[in-house]
Amino acid sequence: LKLTLPTPVLHTRELGVMAGAEAQGSTGLAELEVQTLKPGTGRTYPVVGNTVECYYVARLLKDGTDGPAYDRKGGGKPLKPVVGDGQALRGWHEGLTRMSVGEKARLLIPARLGYGADAVGDKIPPNSDLCYEVELLTINGKSRNDLEKWAKELESWAAEKLKKYP
């Protein structure tokens, strides 16, 4: 018995993103890209309203290469955002929903899903594509190890139940 959860699709209204956040003239990326660096469970994905724990490094993406880091959270206490709460970039939220627990990935975020035409201080110019390297540690406090253990227990339980039927 295999349990598989599909990757959810988020819509702008679910994320509470205002239409004005769409930027014109991104520097290159057309769509959000998720590049897996280390696979996760491949079965358990966060959805809007889930609290996740993650580490990340944020960089500008210029001409397809990573620039210097402008923000990071790693090593110690992880960041604990709520998916889809509108407190982070739209591309960040959408990227998280495409990652399974335990996964480490690069989220390549086009400007229109990032800060758009707005500059952020002197670190992020207008219409900047971004790269977030993210490690998704938990979903609602459950780690990869927790979820894999419970999946095995459920599969064993189901196998025992099925033995009763020819």
Side-chain angles (χ1 to χ4, degrees), residues 1-19 21-22 26 29-59 61 64 66 69 71-115 129-166:
L1 175 68
K2 292 277 184 185
L3 300 175
T4 305
L5 299 176
T7 303
V9 176
L10 297 180
H11 300 282
T12 303
R13 62 178 156 55
E14 290 179 296
L15 293 172
V17 177
M18 297 172 60
E22 300 293 325
S26 172
L29 285 175
E31 297 297 327
L32 172 70
E33 293 179 36
V34 178
Q35 299 174 342
T36 299
L37 303 174
K38 179 184 95 176
T41 63
R43 299 169 15 152
T44 309
Y45 298 82
V47 295
V48 171
N50 287 160
T51 299
V52 299
E53 292 181 71
C54 54
Y55 293 135
Y56 72 91
V57 176
R59 302 175 188 280
L61 190 63
D66 294 355
D71 192 14
R72 71 177 62 234
K73 181 72 173 178
K77 192 174 181 182
L79 180 70
K80 294 183 179 182
V82 174
V83 177
D85 69 357
Q87 298 298 309
L89 303 174
R90 178 176 166 197
W92 165 265
H93 288 290
E94 288 185 18
L96 283 174
T97 66
R98 296 184 196 179
M99 294 177 66
S100 62
V101 72
E103 184 173 347
K104 187 172 187 177
R106 286 170 37 98
L107 308 180
L108 304 180
I109 302 173
R112 67 182 185 82
L113 299 178
Y115 295 104
D129 295 330
L130 307 171
C131 173
Y132 279 76
E133 189 170 301
V134 180
E135 183 174 6
L136 182 56
L137 304 169
T138 70
I139 301 172
N140 290 336
K142 306 301 182 237
S143 70
R144 177 183 187 150
N145 290 340
D146 294 333
L147 296 169
E148 287 176 346
K149 176 185 160 204
W150 293 331
K152 285 179 185 174
E153 289 174 4
L154 179 58
E155 288 170 7
S156 294
W157 175 84
E160 286 298 315
K161 294 294 181 188
L162 290 173
K163 284 181 185 177
K164 295 180 181 181
Y165 302 97

Identify whether the distance between the nearest side-chain nitrogen and carboxylate oxygen of Glu135 and Lys38 falls below 4.0 Å. yes

Mind checking whether Arg106 and Asp66 have side chains closer than 4.5 Å, heavy atoms only? yes

Rounded to the nearest 0.5 Å, what separation is found between the CG atom of Leu137 and the CD atom of Glu103? 12.0 Å

Evaluate the criterion side chain to side chain contact (heavy atoms under 4.5 Å, CB included) for residue pair Met99 and Val52; output intermediate values, then yes/no. CA-CA 11 Å; Met99 294 177 66; Val52 299; over 6 Å; no

So, are Glu31 and Arg98 salt-bridged, with charged N and O less than 4.0 Å apart? no

Is Glu155 salt-bridged to Lys152, going by a charged N under 4.0 Å from an acidic O? no

Treating Lys161 as the side-chain partner and Tyr165 as the backbone partner, does any N or O pair qualify as donor plus acceptor under 3.5 Å? no

Are side-chain N/O atoms of Asn50 and Tyr45 paired as donor and acceptor at under 3.5 Å? no

What distance separates Thr41 OG1 from Lys142 NZ, expressed to the nearest 0.5 Å? 15.0 Å

Would you please test Tyr132 and Cys54 for side chain to side chain contact (heavy atoms under 4.5 Å, CB included) and show each step? CA-CA 11 Å; Tyr132 279 76; Cys54 54; over 6 Å; no

Looking only at heavy atoms, what is the nearest atom pair of Val34 and Ala105, with distance? CG1-CB, 3.9 Å

Say you draw a straight line from CG of Leu130 to CH2 of Trp92; how long is it, rounded to the nearest 0.5 Å? 11.5 Å

Distance in Å, Ile109 CD1 paired with Asp129 CG, rounded so as to fall on 0.5 Å steps: 9.5 Å

Within the 4.5 Å heavy-atom criterion, are Ser143 and Thr138 side-chain neighbours or not? yes

Within this structure, what is the NE2-CD distance for the pair His93 and Gln87, rounded to the nearest 0.5 Å? 7.5 Å

Provide the closest heavy-atom pair for Pro46 versus Val83 in the form atom of the first, atom of the second, distance. CB-CG2, 4.0 Å

Rounded to the nearest 0.5 angstrom, the CG-SG distance for Leu107 and Cys131 is 7.5 Å

